[in-house]
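Below you'll find the structure, written out as structure tokens, and then a few comments.
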There are 2 protein chains.
Amino acid sequence: MDSHTHQRIRRDHATELAEDYVEVIDDIISKSGICRAVDLVEHFQVTHATVSNAVGRLVRDGFAKSQAYQPIELTAKGKRLASKARYRHETVKSFLRRLGVSEEAARIDSEGIEHHVGKETLDAMQRVLTEGWPAEPEAGE
Amino acid sequence: MDSHTHQRIRRDHATELAEDYVEVIDDIISKSGICRAVDLVEHFQVTHATVSNAVGRLVRDGFAKSQAYQPIELTAKGKRLASKARYRHETVKSFLRRLGVSEEAARIDSEGIEHHVGKETLDAMQRVLTEGWPAEPEAGE
DNA sequence: CGGATAACTTAGCCGATGCTAAGTTAGCAT
DNA sequence: ATGCTAACTTAGCATCGGCTAAGTTATCCG
Ligand SMILES: [Mn+2]
Ligand SMILES: [Mn+2]
Ligand SMILES: [Mn+2]
Ligand SMILES: [Mn+2]
């Protein structure tokens with residue numbers, strides 16, 4: 001019964017980096033017009049070589065376009081992933097804030113949690129944000 | 001300000017597998033007396049070779065003891081990590097259930113989420129389980 | 001226009017986590 | 001006691017996501 005759980009986790013991890021990258025690339029393009037590798041170096045606190053490899057995988061997987069020494073762009077597929085990732089990320093972060101967690105902790109924890117939140121959990125969090133907490137389980141009555 | 005977030009995530013990922021392993025090893029020993037590699041193969045749905053390598057890393061890092069072809073045991077350090085991981089894992093899972101998420105989804109999502117929940121978020125979840133939901137943010141009044 | 005410099009790529013390395021295939025050991029049943 | 005079988009290890013491979021070091025290109029300034 002439990003046999004597929006860890007396969008799901010491994011799959012989540014495989015797509016995690018792509019989700020973080022496209023979301024950030026999309027943000028940077030919105031704010032600055034273009035996204036350069038150096039912006040990603042700064043954001044993720046990794047080296048240029050690491051960003052170059054990661055962007056190469058995004059291109060290979062059809063999420064991004066790039067020509068050597070030129071700014072990075074997203075494909076339609078990349079933009080779709082970015083939207084989905086941002087919605088989930090923001091929902092998780094807002095939910096944690098609503099739970100009483102500080103801005104700092106909500107920012108940090110949501111960055112990891114977001115990738116492991118399935119539809120049902122996401123919907124439950126969203127419901128809290130729009131409709132408030134679910135009913136308490138009443139003891140008597 | 002945001003510069004350490006992704007380092008935290010990378011650190012979480014590095015310890016994630018060890019946490020899952022020691023928790024499961026501890027469970028299996030509780031239930032069956034001993035834990036064999038084949039039990040972990042079954043649980044994680046990976047091959048024997050993969051388990052053998054992973055257990056090798058646990059031994060290298062001081063979480064487990066093992067002699068060739070013999071059952072796996074945990075060190076004191078391993079047992080401490082298992083307890084901590086189980087507490088966090090169960091808190092996250094119970095919290096999701098409390099949120100209205102199904103048993104199935106809570107089991108799957110908590111398996112990934114647990115590793116990214118910091119102290120503040122964990123405490124907030126635990127508080128909900130013992131004291132109920134935090135106050136709604138009142139509009140008027 | 002020509003450098004200097006910043007941005008980027010490439011090569012080569014590492015460890016973690018997965019795999020298959022092949023070899024080894026332990027333990028049970030006859 | 002011996003041999004079968006299941007359990008386990010080892011070797012060899014792949015990909016990912018990091019790194020450093022070295023080479024390449026773009027860009028901007030004088
Ligand atoms: Mn994100
Ligand atoms: Mn993230
Ligand atoms: Mn766990
Ligand atoms: Mn887990």
Side-chain angles (χ1 to χ4, degrees), chain A residues 3-22 24-25 28-29 32-73 111-112 115-116, chain B residues 3-22 24-25 28-29 32-73 111-112 115-116:
Chain A
S3 61
H4 299 110
T5 301
H6 290 279
Q7 273 124 318
R8 225 292 296 273
I9 306 292
R10 290 194 289 271
R11 194 161 38 85
D12 291 344
H13 282 153
T15 53
E16 178 162 341
L17 198 109
E19 289 171 351
D20 284 342
Y21 267 75
V22 295
V24 168
I25 292 168
I28 292 171
I29 290 174
S32 319
I34 62 169
C35 176
R36 312 251 17 169
V38 68
D39 301 320
L40 302 173
V41 167
E42 170 67 19
H43 181 89
F44 290 112
Q45 295 281 295
V46 292
T47 65
H48 244 108
T50 297
V51 165
S52 210
N53 285 333
V55 171
R57 285 190 299 272
L58 291 181
V59 170
R60 182 202 60 190
D61 296 341
F63 295 117
K65 285 170 288 187
S66 78
Q67 292 160 284
Y69 301 96
Q70 290 311 123
I72 298 149
E73 285 168 60
E111 188 61 72
H115 310 283
H116 302 282
Chain B
S3 62
H4 299 110
T5 301
H6 290 280
Q7 274 124 317
R8 224 294 292 275
I9 306 291
R10 291 194 286 270
R11 197 162 34 89
D12 290 344
H13 282 153
T15 52
E16 177 162 340
L17 197 109
E19 291 171 350
D20 284 342
Y21 266 75
V22 296
V24 169
I25 291 168
I28 292 172
I29 290 174
S32 320
I34 62 169
C35 176
R36 311 255 14 173
V38 67
D39 300 321
L40 302 173
V41 167
E42 170 67 17
H43 181 88
F44 290 112
Q45 296 282 296
V46 292
T47 63
H48 243 109
T50 296
V51 165
S52 211
N53 285 333
V55 170
R57 286 191 299 273
L58 292 181
V59 170
R60 183 203 59 190
D61 296 340
F63 295 118
K65 285 169 288 184
S66 78
Q67 293 159 285
Y69 301 98
Q70 290 312 121
I72 298 149
E73 285 167 62
E111 189 61 72
H115 309 282
H116 302 282

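Labels below follow one simple rule: chain letters A, B, ... track the order of the sequence lines, proteins then strands, and each chain is numbered from 1.
Checking A/Thr47 against B/Ser66, the closest nucleotide of DNA chain D that is more toward the 5' end is the one next to B/Ser66.
Nucleotide C/dA26 holds its P atom 11 Å from the CD atom of B/Gln67, rounded to whole Å.
When both distances must be under 3.5 Å, the Watson-Crick or G-U wobble mate of C/dT30 is D/dA1.
In terms of heavy-atom proximity, A/Arg10 sits nearest to B/Val46 at NH1-CG1, 3.6 Å. Considering every non-hydrogen atom in both A/Phe44 and B/His6, the closest pair reads CE2-CE1, 3.4 Å. In plain terms, the two heavy atoms of A/Ile72 and A/Ile25 that are nearest each other are CG2-CD1, 4.0 Å.
You'll find the side chain of A/Val38 stays beyond 4.5 Å of the side chain of A/Glu42, heavy atoms only.
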Derivation of the side chain to side chain contact (heavy atoms under 4.5 Å, CB included) call for B/Leu40 and B/Val55: CA-CA 10 Å; B/Leu40 302 173; B/Val55 170; 4.2 Å; yes

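Atom CD in A/Gln67 sits 8.0 Å away from atom CD in A/Glu73 (nearest 0.5 Å).
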Using a cut-off of 4.0 Å between protein heavy atoms and nucleotide atoms, how would you tag nucleotides 11-17 of chain C 5' to 3' with B, S and -? B----SB

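For B/Asp20 (side chain) and B/Leu17 (main-chain N/O), no donor-acceptor pair under 3.5 Å exists by modelled atom type.
Relative orientation of the A/His116 and B/His116 rings is parallel, given thresholds of 30° and 60° on the angle between their planes.
The outermost nucleotides of DNA chain D lying under 4.0 Å from heavy atoms of chain B, listed 5' to 3', are D/dA7 to D/dG18.
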